[in-house]
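Quick notes on the structure that follows.
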Amino acid sequence: MNEETVQDLPPSAKLVLKVLEYNGGLTQKEIVEKSRLSQRTVRDALERLQESGVVQKDIYIPDARQNLYQLDVETDSEAETADDQSAALLD
């Protein structure tokens with residue numbers, strides 16, 4: 001997750017990001033309940049987070065009418081590249 005991308009987000013999107021960080025994958029309704037933000041605000045925040053590549057949307061298996069939102073994790077190759085770059089900087 002790029003810190004510059006997160007810094008440019010509005011406070012509501014940062015709150016939604018923290019809710020997902022602490023609770024794992026949640027539906028939009030669960031995010032509304034936990035964040036106490038309005039449904040429209042959460043929907044807008046989720047759209048912004050998806051556009052920036054921070055959050056991914058999947059099908060919520062228990063109820064296919066809903067979506068499951070969760071943090072977009074790095075792939076192993078991306079993580080290894082970041083670790084290699086960090087090691088090179090330390091040398």
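Side chains are part of it too, since the values below use all heavy atoms of this structure and drop only hydrogens, waters and symmetry mates. None of these values were measured; they are calculated from a predicted model.
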Minimum heavy-atom distance [X]-[Y], with the two atoms named:
X	Y	result
Thr41	Ser12	CG2-CB, 3.6 Å
Leu68	Leu26	CD1-N, 3.5 Å
Ala13	Ala45	CA-CB, 3.6 Å

- [ ] Run the numbers on Gln28 and Asn67 for side-chain hydrogen bond (donor to acceptor under 3.5 Å, both in side chains), then give the verdict.
- [x] CA-CA 7 Å; Gln28 184 175 335; Asn67 293 310; over 6 Å; no
Open item on the list: Less than 4.5 Å apart, side chain to side chain, heavy atoms only: is that true for Ser35 and Val42?
Closed with: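 Result yes, sub-4.5 Å side-chain heavy-atom pair found.
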Roughly how far apart are [X] [atom1] and [Y] [atom2], rounded to 0.5 Å?
X	Y	atom1	atom2	value
Lys14	Leu9	NZ	CG	7.0 Å
Tyr69	Leu17	OH	CG	15.0 Å
Glu33	Gln39	CD	CD	10.5 Å
Arg43	Leu37	CZ	CG	12.5 Å

TODO: State whether Glu21 and Lys18 are salt-bridged, where the test is any N-O pair (Lys NZ or Arg NE/NH1/NH2 against Asp/Glu carboxylate O) under 4.0 Å.
DONE: yes
- [ ] Pick out which of Val16, Asp72, Leu20 makes a side chain to side chain contact (heavy atoms under 4.5 Å, CB included) with Val55.
- [x] Leu20
Donor-acceptor pair, distance only, cut-off 3.5 Å: does the side chain of [X] make one with the backbone of [Y]?
X	Y	answer
Asn23	Val19	yes
Gln50	Glu47	no
Ser52	Arg48	yes

TODO: Can you establish whether the number of heavy atoms outside Lys29 located under 6.0 Å from its atom NZ is more than 12?
DONE: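 Check fails, neighbour count at 12 or below.
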TODO: Look at the side-chain heavy atoms of Ile, Leu, Val, Met, Phe, Trp and Tyr, link any pair under 4.5 Å apart, and say whether Tyr60 and Ile31 land in one connected group.
DONE: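 No, it is not one cluster - the side chains of Tyr60 and Ile31 are not joined through contacts under 4.5 Å.
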